[in-house]
Amino acid sequence: MPTILGQNQYGKAENRVVKITRDGDTHHIKDLNVSVALSGDLEDVHLSGSNANCLPTDTTKNTVYAFAKEYGIESAEQFGIHLARHFVTSQEPIKQARIRIEEYAWERIETSEANSKFIGSDEVKHSFVRKGQETRVSEITYDGENWQVISGLKDLIVMNSTNSEFWGYIKDKYTTLQEAYDRILATQVSGRWRFNWTDDEQRMPNWEKSYDQVKKHMLQAFAETYSLSLQQTLYQMGSRIINSRSEIDEVRFSLPNKHHFLVDLEPFGLKNDNEVYYAADRPYGLIEATILRDGVEPQIPVDMTNL
Ligand SMILES: O=c1[nH]c(=O)c2[nH]c(=O)[nH]c2[nH]1
């Protein structure tokens, strides 16, 4: 039975590119998910197996990262226009390019009063929280006598574009990781905290105010910690909460290490001066720990996924 080739397009989808622009101490982030779809004289590629008209999808990916360095990312629209024009004008068989871009917005983390005096600003210039609300969670248990209240949040995404190192770790014959003296530290916070309130209705905490304050302290500790590991940052976040909120005795965090790998731009004759990163989604390191007020027994379950 004769068949015909209908509409067709191809390209690399979901190129996660993070561009950090360093204006002295003040860093700016552009975080995009770029999908390239090309079409044109591609019948032969499908019908005869000749790839003479095929620009590899791998090349379209490299172009996204190289353009982030060469032209910067002023806006998603400007970046998309650059890419689309490039594919159509540089490759004769390519007649149409469709660039779809999702942009993830970030805002700066406001610093604590103490640190603000120290750094002379209300904002940490390299610490960001991704826009879009986290999900707030809680679990309330009552046995007729005592209450247990655990609150928390998930999907709160934060990033430090500097002040993070990781080195001095064990190296065995399977270790290939290079030591890092200035890396991006990013995580999607899942946290739970347990209140020490159990019974007296008169002395119930102000749950709304408590949540806002816990979140604020957690973010400030993330932003203000010069990190030698995500484990160390986690501990700082937890202890900042315990030390500043007397109503809370226990905090548990599950922090995926959202790896950002520097893209090798050397093959394109470009120097990547800690600017263009590939944001990997998996696999990821998963760092989990409980921080307790001294003398308190842990009660938050180790596995918080169903909490
Ligand atoms: O902060 C980190 N902690 C680790 O345990 C670890 N392991 C790894 O490969 N990278 C990192 N980063």
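Predicted model only: the values in this text are computed from it and were never measured. Whatever order the structure lists them in is the order used to number ligands and atoms, beginning at 1. These numbers come from the heavy atoms of this one structure, side chains and all, not from hydrogens, waters or symmetry mates.
Among all non-hydrogen protein atoms, the one lying nearest atom 3 (N) of ligand 1 is Gln231 OE1, 2.8 Å. Shortest contact from atom 12 (N) of ligand 1 to any protein heavy atom: Arg183 NH1, 3.1 Å. The protein atom (non-hydrogen) at minimum distance from atom 11 (C) of ligand 1 is Phe166 CE2, 3.4 Å. The closest protein non-hydrogen atom to atom 9 (O) of ligand 1 is Leu177 CD2, 3.5 Å.
Residues Ser210 and Glu247 bring a donor and an acceptor atom of their side chains to less than 3.5 Å of each other. His126 and Asp25 form no side-chain donor-acceptor contact under 3.5 Å, judged by distance and modelled atom types alone. A side-chain donor-acceptor contact under 3.5 Å links Trp106 and Asp31.
Neither the backbone nor the side chain of Leu185 comes within 4.0 Å of ligand 1, counting heavy atoms alone.
Distances from ligand 1 to the non-hydrogen atoms of Glu165 include no value under 4.0 Å.
Near Leu230, the atoms of ligand 1 lying under 4.0 angstrom from a non-hydrogen atom of the residue are 1 (O), 2 (C). Interface atoms of ligand 1 facing Ser229, defined by a heavy-atom separation under 4.0 Å, are 1 (O).
The pair Lys30-Glu74 does not count as a salt bridge, with every side-chain nitrogen at least 4.0 angstrom from each carboxylate oxygen. Under 4.0 Å is where a charged nitrogen must lie from a carboxylate oxygen, and between Glu208 and Arg136 at least one such pair does.
Between His86 and Phe67, the gap from one ring centroid to the other is short of 6.0 Å.
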